[in-house]
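Please read the structure below before turning to the comments.
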Amino acid sequence: MIFLKDILQKFAVWTIFDSRIIIIYALNVSDYIFTLILIQSGIFQEINPILSMPINNFSGFILKCIVPFILLLYIRHRFRNAAERQIKPIKYILDCTIGIYAIINIFHICWLILMTFYLIPLTEQIALTLANS
């Protein structure tokens, strides 16, 4: 009976772990999409020096979507048989990563709202004022 308990405990840990990995990947992809939208507006620039050049190319897609997917699969595979003392710090790191990506996505959403309702109308008004001068 102890064996069944261990299996159920391990399954519960890995479903929580898997959900963290899925959340990180979803936040990563949404960060990429929001970044593309903001850059294409012409008002914003990419501040990440690694992605500043290839963000609009297929290489940007590879760096932002494919490579993290492979790395997250590797992390999941690598820690599949890990002991609880090894999983605990990884869960903490994954939680911190989720927090950072959540903050970044919240900033992106705020900038999209500001851009839509304030920055674009303001730049249009300035352009009209300059054209009429």
Side-chain angles (χ1 to χ4, degrees):
M1 195 58 134
I2 295 173
F3 181 70
L4 181 61
K5 180 183 171 191
D6 292 338
I7 290 174
L8 291 174
Q9 227 173 10
K10 195 73 159 175
F11 179 74
V13 168
W14 281 106
T15 49
I16 293 169
F17 188 78
D18 287 342
S19 64
R20 285 182 173 114
I21 287 178
I22 291 168
I23 290 169
I24 288 172
Y25 188 71
L27 288 170
N28 178 53
V29 171
S30 65
D31 170 40
Y32 177 65
I33 292 168
F34 287 146
T35 301
L36 283 177
I37 293 169
L38 289 169
I39 288 174
Q40 288 176 356
S41 73
I43 300 172
F44 298 90
Q45 294 179 349
E46 174 64 52
I47 61 171
N48 183 348
I50 296 171
L51 289 174
S52 63
M53 290 301 288
I55 191 75
N56 291 325
N57 303 337
F58 185 69
S59 57
F61 174 76
I62 290 172
L63 284 172
K64 208 51 186 146
C65 295
I66 304 298
V67 172
F69 181 76
I70 293 169
L71 289 173
L72 289 170
L73 281 179
Y74 174 74
I75 289 170
R76 183 182 180 276
H77 173 73
R78 180 71 176 87
F79 290 95
R80 181 174 299 210
N81 296 321
E84 183 62 34
R85 67 175 180 81
Q86 294 171 323
I87 293 173
K88 196 171 186 176
I90 295 301
K91 288 192 319 190
Y92 176 74
I93 291 169
L94 292 176
D95 289 343
C96 289
T97 305
I98 289 171
I100 291 168
Y101 264 123
I103 291 168
I104 289 170
N105 278 292
I106 289 168
F107 278 129
H108 282 318
I109 291 168
C110 290
W111 279 115
L112 284 169
I113 291 169
L114 283 172
M115 180 182 73
T116 304
F117 296 109
Y118 181 72
L119 293 177
I120 290 178
L122 182 65
T123 55
E124 290 172 353
Q125 184 180 14
I126 291 171
L128 284 174
T129 305
L130 291 175
N132 290 335
S133 295

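Owing to the predicted nature of the structure, the values given are computational and were not obtained by experimental measurement. Throughout, numbering of the chain's residues begins at 1 and tracks the sequence. Basis for what follows: all heavy atoms, side chains included, without hydrogens, waters or symmetry-related copies.
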Q | Working for side chain to side chain contact (heavy atoms under 4.5 Å, CB included), residues Phe107 and Ile103 | A | CA-CA 6 Å; Phe107 278 129; Ile103 291 168; 3.5 Å; yes
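We find the NE2-CD1 distance between His108 and Ile106 to be 11.5 Å, quoted to the nearest 0.5 Å. Atom CG of Leu72 and atom OG1 of Thr97 lie 9.0 Å apart (nearest 0.5 Å). The distance from the CD1 atom of Ile33 to the CG atom of Asn28 is 10.0 Å, given to the nearest 0.5 Å. A distance of 11.0 Å separates CD of Gln40 from OG1 of Thr35, quoted to the nearest 0.5 Å.
Between Tyr32 and Leu36 there is a side-chain heavy-atom pair separated by less than 4.5 Å. Counting only heavy atoms from C-beta outward, the side chains of Ile23 and Leu27 approach each other to under 4.5 Å.
Hydrophobic clustering (ILVMFWY, side-chain heavy atoms < 4.5 Å, transitive): Ile70 and Val67 are in one cluster. Note on Val29 and Ile22: separate hydrophobic clusters, where clusters join Ile, Leu, Val, Met, Phe, Trp and Tyr whose side-chain heavy atoms are under 4.5 Å apart, directly or indirectly. A continuous path of Ile, Leu, Val, Met, Phe, Trp and Tyr side chains, each step under 4.5 Å between heavy atoms, connects Leu94 with Phe69, placing both in one hydrophobic cluster.
The minimum heavy-atom distance linking Asp31 with Lys64 is given by the pair OD2-NZ, 2.8 Å.
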